[in-house]
Amino acid sequence: MIIGVLGPAGSYSEKAAKGWISKESKTEGTSLVYYDDINDTFASVINGDSDIGIIPIENSIEGSVGITLDLLLESDMTIIGEIVVPIEHCLLSKGEMKDIKIIMSHPQALAQCSKFIRKHFKKAEIRTTGSTSHAAKLANEFCEMAAIASKESAREYGLKVLVPNIQDWEKNHTRFIVIKQGKWQEDEACIPKNDTCKTSIIADIDEDRPGSLYEIIGEFAKRDINLTRIESRPSKRSLGDYLFYIDMEGSTGDAVIKDALYYINSKVSMLKVLGSYNGYKLDN
């Protein structure tokens, strides 16, 4: 099995992939292929270069990863799993604190450490990279460069951990999803391997009218289905027009979930089931 991840080596995506592999006991014949960004990782699965892809979708500090949400809408992909990874951002460099003039990282990581940057490096140049590990790889070139990345990246690229755990909030987690090519099929209902399955959908109400969102949420409420996430995302058709991304506890094989989706489908212009899947959480 070839797994596409956001690279290079030492990324949190790599950590998520290795965690998922161990939880699913898929160590035999499994290899990781690294890509420059989320678009390329998605494309590798679409083109058949990777059997599955593992990409970030949500962070506990900065919220959802917009490009991932958009690509899930635009492409025929099925979510087959998720893994939640604890994030500990560190300041990495070949030099010392006094040497640093440039700080690099992925935009999400920079945002998650904004207070630290403002406090200690007001005059530093901030540069964005495709991933945290890519920033670490670049920081290996000059002492005045620093990266915000993981301890694993420090070991991978021979950098010093100048300051550990620099994110603005102590409890920082990123949720990664495991995707495979092809639309969700009704026979792919999740069979729980742990406490629960989760199902993800996208709903397009299309017609803006009073109570339209309530009609959808009500179908879940009256069946006692717990929604773990609901988020609006611009449809890009016009200002104020939104799609709704919804995660819920339960499998599409459950009668109550199947029933709710049946009635919701009659109330929306588009209902896309992204998948029904198990999830795992890694320890620190």
Side-chain angles (χ1 to χ4, degrees), residues 3-24 26 30-42 44-45 50 52-69 71-72 79 81-93 103-114 116-117 127-140 146-159 161-179 279-284:
I3 303 177
V5 298
L6 190 62
S11 67
Y12 290 108
S13 294
E14 178 191 67
K15 186 174 183 179
K18 289 179 177 180
W20 185 79
I21 290 167
S22 66
K23 297 290 187 181
E24 289 283 315
K26 294 183 180 292
T30 300
S31 61
L32 302 183
V33 178
Y34 300 95
Y35 292 94
D36 291 338
D37 55 32
I38 292 173
N39 273 303
D40 287 347
T41 308
F42 250 91
S44 77
V45 181
S50 301
I52 62 174
I54 295 183
I55 54 171
I57 189 171
E58 182 183 10
N59 176 261
S60 59
I61 296 176
E62 284 299 303
S64 294
V65 181
I67 184 62
T68 298
L69 298 184
L71 288 168
L72 286 171
I79 301 175
E82 77 167 21
I83 187 153
V84 177
V85 176
I87 305 296
E88 183 183 342
H89 291 311
C90 303
L91 186 71
L92 314 178
S93 182
I103 297 178
M104 302 174 292
S105 197
H106 186 274
Q108 281 257 343
L110 291 169
Q112 291 163 29
C113 303
S114 61
F116 174 86
I117 295 171
R127 296 182 186 176
T128 61
T129 57
S131 69
T132 55
S133 56
H134 184 215
K137 187 176 182 179
L138 293 173
N140 184 262
I148 292 176
S150 65
K151 290 179 180 177
E152 290 83 357
S153 290
R155 290 193 292 268
E156 184 74 29
Y157 300 106
L159 301 172
V161 177
L162 299 184
V163 189
N165 207 27
I166 64 171
Q167 62 267 11
D168 296 342
W169 301 90
E170 182 181 353
K171 295 186 182 299
N172 186 12
H173 293 83
T174 294
R175 175 184 167 217
F176 292 80
I177 54 172
V178 186
I179 56 171
Y280 306 99
K281 188 172 183 178
L282 296 186
D283 297 325
N284 285 315

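Values in this document were obtained by computation on a predicted structure and should not be read as measured data.
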**Study point:** side-chain contact (heavy atoms from CB on, under 4.5 Å) between Thr41 and Val5, intermediate numbers included
**Key:** CA-CA 6 Å; Thr41 308; Val5 298; 5.7 Å; no

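- Judged purely by distance below 3.5 Å, without hydrogens or angles, the side chains of Ser114 and Asp168 pair a donor atom with an acceptor atom.
- Contacts of His134 classified as ring pair (Phe, Tyr, Trp, His ring centres under 6.0 Å), with partners at least two apart in sequence or in another chain: none.
- Under the 4.5 Å side-chain criterion, counting only non-hydrogen atoms from C-beta, Leu110 is in contact with Ile148.
- The distance from atom CD1 of Ile54 to atom CD1 of Ile177, rounded to the nearest 0.5 Å, is 10.0 Å.
- Using a 4.5 Å cut-off on side-chain heavy atoms (C-beta onward), Phe176 and Val84 make no contact.
- Between the side chain of Ser105 and the main chain of Ala147, no donor-acceptor pair closer than 3.5 Å is present.
- Atom CH2 in Trp20 sits 9.5 Å away from atom CD1 in Ile83 (nearest 0.5 Å).
- Residues satisfying the salt bridge (Lys or Arg N to Asp or Glu O under 4.0 Å) test with Lys151, not counting sequence neighbours, are Glu88.
- Every residue was checked against the salt bridge (Lys or Arg N to Asp or Glu O under 4.0 Å) condition with Arg155, not counting sequence neighbours, and none meets it.
- Residue Leu6 holds its CG atom at 7.5 Å from OG1 of Thr132, rounded to the nearest 0.5 Å.
- Counting all heavy atoms, side chain and backbone alike, Tyr157 lies closest to Ser133 at CE1-O, 3.7 Å.
- For the 3.5 Å distance criterion, the side chains of Asn165 and Gln167 qualify, holding a donor opposite an acceptor.
- Every salt bridge (Lys or Arg N to Asp or Glu O under 4.0 Å) that Glu24 has, sequence neighbours left out, goes to Lys193.
- Legend: residues meeting ring pair (Phe, Tyr, Trp, His ring centres under 6.0 Å) with Tyr35, ordered by chain and number and at least two apart, are absent.
- Evaluation of the ring pair (Phe, Tyr, Trp, His ring centres under 6.0 Å) rule for Phe116 yields His120 as partners, not counting sequence neighbours.
- You'll find the side chain of Pro8 reaches within 4.5 Å of the side chain of Ser131, heavy atoms only.
- From Thr68, atom OG1 reaches atom CZ of Phe42 across 6.0 Å, with rounding to the nearest 0.5 Å.
- The shortest non-hydrogen separation linking Ile3 to Thr30 is CD1-CG2, 3.6 Å.
- When all heavy atoms are compared, the tightest approach of Ser60 to Asn172 is OG-CA, 3.4 Å.
- Between Thr129 and Ala135, the shortest heavy-atom distance links the atoms OG1-CB, 3.5 Å.
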Exercise for review: Might you work through the side-chain hydrogen bond (donor to acceptor under 3.5 Å, both in side chains) test for Tyr34 and Glu14, ending with a clear yes or no?
Suggested key: CA-CA 8 Å; Tyr34 300 95; Glu14 178 191 67; 2.4 Å; yes

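- The closest side-chain heavy-atom distance from Ile67 to Asn39 is below 4.5 Å.
- Note: Lys23 NZ to Lys18 NZ = 16.0 Å, rounded to the nearest 0.5 Å.
- You'll find the side chain of Thr174 stays beyond 4.5 Å of the side chain of Tyr12, heavy atoms only.
- Considering only heavy atoms from C-beta on, Leu162 stays 4.5 Å or farther from Leu92 through its side chain.
- A 4.5 Å side-chain heavy-atom check between Leu282 and Pro86 finds at least one atom pair inside the cut-off.
- For the pair Ser11 (side chain) and Gly7 (backbone), a donor-acceptor distance under 3.5 Å is absent.
- Counting all heavy atoms, side chain and backbone alike, Gly53 lies closest to Val45 at N-CG2, 3.5 Å.
- Looking at Asn59, its side chain never comes within 3.5 Å of a backbone N or O of Arg175 through a donor-acceptor pair.
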Exercise for review: Verify side-chain contact (heavy atoms from CB on, under 4.5 Å) between Ile38 and Leu71, making sure each step is shown before the conclusion.
Suggested key: CA-CA 9 Å; Ile38 292 173; Leu71 288 168; 4.0 Å; yes

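- Although no hydrogens or angles enter the test, the distance criterion places a donor-acceptor pair under 3.5 Å between the side chain of Ser153 and the main chain of Gly10.
- For the pair Arg127 and Leu138, the minimum side-chain heavy-atom distance is 4.5 Å or more.
- Going from atom CD1 of Ile179 over to atom CD1 of Ile57 covers 9.5 Å, rounded to the nearest 0.5 Å.
- A donor-acceptor pair under 3.5 Å links the side-chain atoms of Gln112 to the main chain of Gln108, judged by distance alone.
- When all heavy atoms are compared, the tightest approach of Gly130 to His106 is O-CD2, 3.1 Å.
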